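Worksheet: the structure to be examined is printed underneath.
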Amino acid sequence: GAVVSQHPSWVICKSGTSVKIECRSLDFQATTMFWYRQFPKQSLMLMATSNEGSKATYEQGVEKDKFLINHASLTLSTLTVTSAHPEDSSFYICSARHAGLAGDLEYNEQFFGPGTRLTVL
Amino acid sequence: LAKTTQPISMDSYEGQEVNITCSHNNIATNDYITWYQQFPSQGPRFIIQGYKTKVTNEVASLFIPADRKSSTLSLPRVSLSDTAVYYCLVGDILTGANNLFFGTGTRLTVIP
C-alpha cells in the first residue's frame with residue numbers, strides 16, 4: 001500500500017511555543033489530507049481536512065487560528081500547533097487520500113501516517 | 001454520515017476465529033465499509049473494504065448482508081499480535097467526498 005510519513009514522531013515543548021508537524025505522502029500525490037487527534041484510550045477525532053492549494057476545512061470546535069494547516073504541495077501538509085498548552089498534548093495523526101482510476105476500477109483509500117506524539121510541558 | 005456502533009471490547013484465545021460486528025443502520029447507497037486496525041501509538045492500518053456480500057483478503061474476511069445495515073469483520077485464527085483496536089468506518093468513496101469519522105472501535109485482546 002501507499003506510504004504516509006510524519007515528522008517528527010514525537011516532540012516535547014514548553015507551554016507557549018509553536019510546534020509544526022509534517023505529513024508526507026511518499027509514493028503518491030494527495031490532493032486531500034486529513035488531520036486527526038487522539039487522546040489516550042479514545043478514538044481518533046477528525047480535526048480538519050487539508051486541500052492542496054486552498055484553505056483547510058475545520059471540524060466544529062477546532063480553532064483554526066490555533067491549529068494552522070498548510071497544504072502547499074501534493075505530497076506535503078503541515079499542522080502547526082500555535083501557543084501550545086498542556087491540554088494540547090495528544091497523538092496527532094494525518095492521513096492522505098489516494099484516489100483515481102486503475103483501468104475501469106475506481107479506488108479511493110486513505111492511508112494513515114504513524115502519528116506524532118506531542119507533549120507540552 | 002452513517003454512524004457506526006461496535007462492541008467496546010472483546011477477548012479471544014489464540015487460534016480462534018474472531019468476528020467483530022458493526023452496525024450502520026443509516027448507511028447510504030454510495031457508502032463503502034472499511035475496517036482499520038490500530039496498535040498503541042501507531043496510525044490506523046487498512047485491513048479490508050467492501051460494499052456488499054463478502055470480501056476476503058490475506059488477513060481477513062468481511063461479510064455484508066443484503067441490507068448493508070451491518071458488517072462483520074472475521075479474523076481467522078488470531079494470534080497475540082492481533083491484539084489491537086479495530087475500527088469500522090462508513091463513507092462515500094464514489095464521489096470522493098468521504099471524510100472518515102472514527103467511532104469507538106473494538107478493543108480486541110487475544111489471550112494465550
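Just so you know, these numbers use all the heavy atoms, side chains as well, and skip hydrogens, waters and symmetry mates. This structure is a prediction, so every number in the text was calculated from the model and none was measured. Chain letters run A, B, ... following the sequence lines, proteins first and then strands; every chain starts at 1.
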Indicate, with yes or no, if [Y] and [X] share a hydrophobic cluster defined by side-chain heavy-atom contacts under 4.5 Å among Ile, Leu, Val, Met, Phe, Trp and Tyr.
| X | Y | value |
| --- | --- | --- |
| A:Trp10 | A:Tyr92 | no |
| A:Tyr36 | A:Tyr58 | no |
| A:Ile69 | A:Met47 | yes |
| A:Val11 | A:Leu68 | no |
| B:Trp35 | B:Phe63 | no |

Any chance you could measure B:Thr104, atom OG1, to A:Gln42, atom CD, to the nearest 0.5 Å?
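The OG1 atom of B:Thr104 sits 11.5 Å away from the CD atom of A:Gln42.
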
For B:Arg107, which atoms come within 4.5 Å of any heavy atom of chain A: side chain, backbone, both, or neither?
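Side chain only.
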
Other residues, nucleotides and ligands only: do more than 12 of their heavy atoms fall within 6.0 Å of NZ on A:Lys66?
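More than 12 within 6.0 Å, yes.
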
Check B:Gln38 against A:Phe91 and note the closest heavy-atom contact, atom names and distance.
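That closest heavy-atom pairing would be NE2-CE2, 4.4 Å.
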
Residue pair B:Tyr87 / A:Gln38: nearest heavy atoms and the distance that separates them
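Nearest pair, atom of B:Tyr87 first, then A:Gln38: OH-NE2, 3.5 Å.
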
Does any part of the side chain of B:Pro44, heavy atoms only, come nearer than 4.5 Å to the side chain of A:Ile93, both counted from C-beta?
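Yes, at least one pair of side-chain atoms sits under 4.5 Å.
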
Side-chain contact, heavy-atom cut-off 4.5 Å: A:Phe112 with B:Phe46?
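Answer no - side chains too far apart.
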
Quick check, are the ring centers of A:Phe34 and B:Phe102 under 6.0 angstrom apart?
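Between B:Phe102 and A:Phe34, which both carry aromatic rings, the centre distance is not below 6.0 Å.
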
